[in-house]
Amino acid sequence: MRYLPLTDSDRQAMLAAIGVAGIDDLFKDVPASARRQAPVDLPLHAGEMEVERRLTALAQKNLSAGCAPFFIGAGAYRHHLPAAVDALIQRGEFLTSYTPYQPEISQGTLQYLFEFQSQVALLTGMDVANASMYDAATATAEAAAMACRITKRTHVLLSGDLHPHYRSVTATALQYSGPEVEALAPDPLGTEDLIGRIGPDTACVVAQNPGFFGHLRDVTALAAACHAAGALLVVAVTEPVSLGLIKAPGQMDADIVVAEGQSIGNPMSFGGPGLGLFATRDKFVRQMPGRLVGQTVDEDGRRGWVLTLSTREQHIRREKATSNICTNSGLCALAFTIHLSLLGEEGFRRLARLNHAHAVLLAEKLGAVKGVRVLNRTFFNEFAITLPKPAADVAEALAGRGILGGVPASRFYPSYPELGEVLLLAATETTAEADMDALASALREVL
Amino acid sequence: MSNTYFTTEHEWIDVDGDIGTVGITDHAQHALGDVVFVELPALGKRVAKATEAAVVESVKAASEVFSPVSGDIVAVNDAIVEQPGLVNEAAETTAWFFKLRLADPAELTGLMDRAAYDEFVKGLE
Amino acid sequence: MAETASGNRGLMLEEPLIFELDSPGQCGVDLPEPPPVIDRLGGLERPGPIGLPGLSEPTVVRHYTRLSQKNVGIDSLMYPLGSCTMKHNPRINEKLARLPGLADIHPFQPTSTVQGALELIDLTAHWLKTLTGMPAIAMSPAAGAHGEFCGLMTIRAALEDRGDKRLRVLVPESAHGTNPASAAACGFTVDPIPATARGRVDLAALKAKLGGDVAALMLTNPNTCGLFEDEILEIAEAIHQAGGYFYCDGANYNAIVGRVRVADLGVDVMHINLHKTFSTPHGGGGPGAGPTVLSAALAPFAPLPAVVHDDKGFRLVEHAGHSGAKPCGRLKGYHGQFGVFVRALAYMMSMGADGLRQASSDAVLSANYLLAELSSDLTPSFAGPCMHEALFDDRFLKGSGVTTLDFAKAMIDEGFHPMTMYFPLVVHGALLMEPTETESRDSLDRFIASLRSLAGRARSGDAALFKAAPVFTPRRRLDETAAARTPVLRWRR
């Protein structure tokens, strides 16, 4: 077994040094009835060649996005990943290190997390960001819980244009800890009234921009209404590339911003792992969940970085911690920060404009297909259309033609028949014009 | 400080008339290490005996400060919020946390005096 | 030490922040000019610059390469961080996770186009269920703490379903901080239970705390002192008799995988840290994964989604309402940490049933070897045998003026990552060492020799050496007090 360095003679010598006859003597505290004498009923060890063969066979049963005209978004996006990103994150000193508990020999991790926090704060337009959460869905739940702690209120209002997974994760996570979560009906037209639903118990309103159905909204007035009522505004972002082109939540007075960072630096990977971005105002930092890196100096006066404000966290505060989270998404944050560093101001803005331009082109081409209606007046890189027949059937028919042509809204909202003919589509910088034409002509055949 | 009383949670209270000044003991600041953050109660807030009234944190520990008696907060020491390190330098004098108007002076009975507290701390070591 | 003009010390290179390398207008990615379109932004354009620095690709590559050189990983040295399981991370795992058929697939593709991905989740689940002997599993938790949350949510849902208002959760004092934090997040109250002088749960104290209001016991086994709870069957029986559930924290499952099935210990629910037991990389603090195995009684309450198989192939159940299930909700976006599953499955297939059993045996053997060889120089907290980690306390440093922290920092200068310090809390100045099965005997012997030497220097009164350590590192001890008193959490121009 190639991962085990001990030889049989090593094992014998070590047992002798310990003073026991055999390995079973070291397991004597396990009740005899629970000690298994033989391996469990699973395959025996296998070489690299064999493992590669088996998993490659599974991979080949999937239609990967690069092998098809591809238009799926809805919270996970396909972007081009520069080769340098993956090469750098696989350096063993990053890949195989633990949480930076020993700062003298973890300055690499600590410095890139400090850079990451700075980049996230800049993108979102906020004062401060943490070192990341599991994903945006769990970050949304954490943001709602944080707003309840700050305001000492219990009503959490979720927009109908918030990603359905963020909605259900928030409702699940908060269901036994006190708050009352009100999730509004899905809002495919982007017309819901959130301000009118803010009440004296409202701890926060959670909105999304761009919305799940793609609409852009200026939340400045919503923020003002929240603040006037003593509530906070949480803004979720599923596509952080949008922040290169549209107004940042911080520029619209949001109090907490959560976002899914996968788009920048990370593959879709069937939806996991993700990268939860979490940013807020300076005054709320002590109520923030998750790890934080701060600047300091060492004994020689040289600048360095450490984990800080740890008394918020579970390993110190235990049941009174701001969250039970222990880890973050370190390596995904590294990929994010490297990709964003490669892009820089110019590249990031151009990337955002490319995404938007491709989506506008796609909307124009699909809008010209008989029976298709684009629902959005505004959007960034994804939008919703209605079809003359069930969107789920259309998506299947397109898949049958080798086209991954969007995601039916009914997949998220099966109990809303009025959404049965709504299809969500996204375009990114990777979407070729020929792919758009292929989708449009396939739609003409299918409809 | 004959009017000073101590709790088993390492708070002290110095009583002058119906006003009590509360802080943490030198033993407590020493056990915490460098204090980096202090959170004080709001003025006018009513606190109950032996309930959380303030928070004091070092790099590796967070600790609640319990009010030794019940009462209304009449003053807080903003200096230790600005400079938490003062708690390490003068825990039992200028680095007091808050002052309150005692609701019931009878609650003082049952707290320790200096000698009893010193003995209590010795027993912990 | 003389200062150089550059501030560098040979190969120990100073590296500014990425923002301080800004060359405005520079870009490390060549993108085409967007086609001209009439925008659909509705006037919501972002005003003003964002403030990101501009850099070329060589500058970026060198920056992050230099940062990596200020780090150490398992690839670099022995990393005996107790309770964290820093074992070798095989590179075949990384290679396979990057196959386009696994990395370049979207969570909302029609399921007909991702049959291989669903089969992979199902197969990973099958291995984990078979190894633990448990009938059901929730695959979506993103980490150990998230798995705890998942387990407690299913317990809470099961209790509600039977109309039971139990809210008290018993947690040993030696538990990870995540245990009480997870319990609190599920609305439970936490009641600590003490340990015995043998480093185990005090069964009598536990029984005294049991009652009709106890929802669950959370117990790490092997426990955080590195010991197997030898009264586990009695503990399980007691909690079950009281009508509560037995949550096992699987953080230390790597000590028993392949040798003990947790189903045979009376466990109702346990999370598994794939980044510990199954070799997926810790990545400087994540991402991990915390699939959670469940008993038949708790299975109906598992969170969504679930992968199921029928004559038409694999399907994803993403909504409540199918037969018999009463899911506690959804804990995470999409379908779990898929990329981590790929790596863990590659590892399990590589090791096989026989190799996993050998791995836990070697992990326990190596920890006992450290315990035996260091017993006369350091002070073990409890009598052996231990499981996969050996716990010492700071009695051997008494009177030396050297603390556990100082000792750990001196280990860095000796070329080792320190062990876990000051955890568990139940012993004074804890030093918790977990060598794992992937250290060679030569490596273990060099570690033992260095620790003996350090212990000798501490006893001989060389406290100054320890107080100054580390000195051969990119940075010496950092001022954490200053960092916390005046937080600087981001770069500003």
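In what follows, every chain begins at residue 1, and chains take the letters A, B, ... in the order their sequences are listed. These figures come from a predicted structure and were not determined experimentally.
- Looking only at atom types and distance, the side chain of E93(A) has no donor-acceptor partner in the side chain of S76(C) under 3.5 Å away.
- When G144(C), C328(C), A372(C) are compared by the number of non-hydrogen pairs under 4.5 Å with chain A, C328(C) comes out ahead.
- When P36(C), G25(C), A183(C) are compared by the number of non-hydrogen pairs under 4.5 Å with chain A, G25(C) comes out ahead.
- For Y64(C) and F94(A), the distance between ring centers is not under 6.0 angstrom.
- Highest contact tally toward chain C, considering only C326(A), C332(A), P414(A), G178(A), is held by P414(A) [criterion: heavy-atom pairs under 4.5 Å].
- Ion pairing between E33(C) and R353(A) holds under the 4.0 Å rule for side-chain N and carboxylate O.
- Less than 6.0 angstrom separates the ring centroid of F108(C) from the ring centroid of H165(A).
- Under a 4.0 Å N-O distance rule, the pair R350(A)/E429(A) does not qualify as a salt bridge.
- If you measure heavy-atom distances from D135(A) to chain C, the contacts under 4.5 Å come from the side chain alone.
- Contact annotation for T327(A): both backbone and side-chain heavy atoms come within less than 4.5 Å of a heavy atom of chain C.
- At a threshold of 4.0 Å, the pair E104(A)-K409(C) counts as salt-bridged, since one of the basic side-chain nitrogens sits closer than that to a carboxylate oxygen.
- Heavy-atom pairs under 4.5 Å with chain A peak, among D264(C), D39(C), V72(C), at V72(C).
- Only the side chain of V285(A) comes within less than 4.5 Å of a heavy atom of chain C; its backbone N, CA, C and O stay farther away.
- Taking chain A as the reference chain and counting heavy-atom pairs below 4.5 Å, the highest number among A181(C), P107(C), G28(C) is found for P107(C).
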